[in-house]
Amino acid sequence: MTLEMHEQDLLHKVQAGIGIGGTWGPSSSGATFTVEDPATGDVIKSVADATVEDAVRALDSAVAAQQEWAETPSRLRSDILRRAFDLLIERKEEFALLIAVEMGKPISEARGEVVYGGEFLRWFSEEAVRVQGDYRRNPEGTGSITVSHLPVGPCYFITPWNFPLAMATRKIAPALAAGCTAVIKPAELTPLTTIYLVQLLEEAGLPPGVVNVVPTSNPGAQSSVLLADPRLRKLSFTGSTAVGVKLLEAAAPNVLRTSMELGGNAPFLVFDDADLDRAVEGVLLAKFRNIGQACTAANRILVHDSIADEFVGRVSEQVAAMKIGRGADEGNDIGALVDRRAVAKTVALVADAVETGAEIVTGGDTVAGPGNFFQPTVIDKVGPDARLVNEEIFGPVLAIIRFASEDEAVQIANDTEYGLVSYVYTENLGRSQRMIEKLQTGMMGLNTGLVSNAAAPFGGIKHSGIGREGGFEGIREFLSTKYTLTPR
Ligand code: ADP
């Protein structure tokens, strides 16, 4: 065990169990699964491995709490969310360390995730008291129409490992604000942050049963039973498109409301009229945040021929200087990838890019163990046949594709089944407007490499998903519309 003392103390505070109805306990089978530090491969904690029966008990608990929670005055629900925000910010260092230890990202970025994730609690504490309806007269003049928005009911959340805190608050906060209860299944690689968050919500005054947490090493078995349960009314999932499609199929017979945040293949366009200082800074953020493991990560960097040499030179110089090391230790830029599979995929995509004509400018290799490290890498002149043109790299590899004209750039950018986010660097107003209209993505960063914000509607089009998280839109995903007709 290479954990430092303060890390061990923190891990002791995190429940190792399943949280149902305000009580923490073991799995009904007694089974556990282990969580590892991806930088060392060491086991950091064992966690109860929820059975399907445990998950059904968690749903029983969410269903039992639903009516009372929906009838709880929105001011009280808002106050609990606000208290949770305050507590989270007070414990920023603890949460950041937990995220960095179990997930591997640099501690400075983990602090950023706590602030970002916390903002959903604050934003939806503010939205909870602002759910509006409306009143209309029908055009015939024979009656009035009253429109109200009511909580959709018990929800099931499946979250990924790359932002273990923020992806949980982004679902839990709007659900609670809307008056919904939930069962949450964190990713098996990173359950600790979610468990600790649910502990914090309880401390903030959340009544038992409103949020229940069921970590499992067998998500397929759990999801198929919960999604078929007629008492469940909503699925919200963040993860890969492949799993998302399976879940949509499983949700269909039960006609569930769904919010799906799926994969991305973000293009990052740098035009010849771009401010290169800003573009270099932006691409490093859009690419290397989370060691490249984000659905919003810039996957294809499209750079105009006339500036490509200078851009590649400046970017590569900075990438080559990045410091690789354990995320939980201060001062590292590039932490370990989440597991061995992630390293193997990165290795394969880089090898394939080189075979199809690309050149490695810096990096390009794994780092000797322990831990799942891959060097921060820049590859230039990536060809159209490279696999990474169509697949999310999810690793620290900045792949440059050169283009000659605006039309060509747009064509390449849109030539993907995904449509989550695009990034555009240009100082030309007309071109900016054209890009807003032409790029087929749900979000765009215009001269910025970071779009995530709790006050904005996050989400994609095409195979990147359905629905929006955050913003005014976020709470609507948890409300169903009811209209009442009253004759005059
Ligand atoms: P990744 O490949 O990046 O790990 P996944 O889509 O596999 O992304 O994982 C995202 C979340 O989906 C995790 O919580 C994981 O446990 C969960 N998951 C994976 N397979 C299933 C499934 N068949 N049913 C429900 N959840 C699943």
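Counting convention: from 1, in listed order, for ligands and their atoms alike.
Using bins of under 30°, 30° to 60° and over 60° for the plane-to-plane angle, the ring pair F394/W161 lands in the perpendicular bin. Using cut-offs of 30° and 60° on the angle between ring planes, the pair Y116 and F120 is perpendicular.
Residue pairs meeting the ring-ring contact (aromatic ring centres under 6.0 Å, His included) criterion with at least one partner in residues 192-227, sequence neighbours excluded, are F95-Y196.
The cationic atom of K105 (NZ for Lys, CZ for Arg) lies less than 6.0 Å from the six-membered ring centre of F163 and within 45° of the ring axis.
Within the 4.5 Å cutoff, the side chain of N254 has no heavy atoms near those of the L227 side chain.
The only member of S217, S29, S27 that meets side-chain hydrogen bond (donor to acceptor under 3.5 Å, both in side chains) when paired with D49 is S217.
Near ligand 1, heavy-atom contacts under 4.0 Å come from I158, T159, W161, K185, A187, E188, P219, G220, S223, F237, T238, G239, S240, V243, L247.
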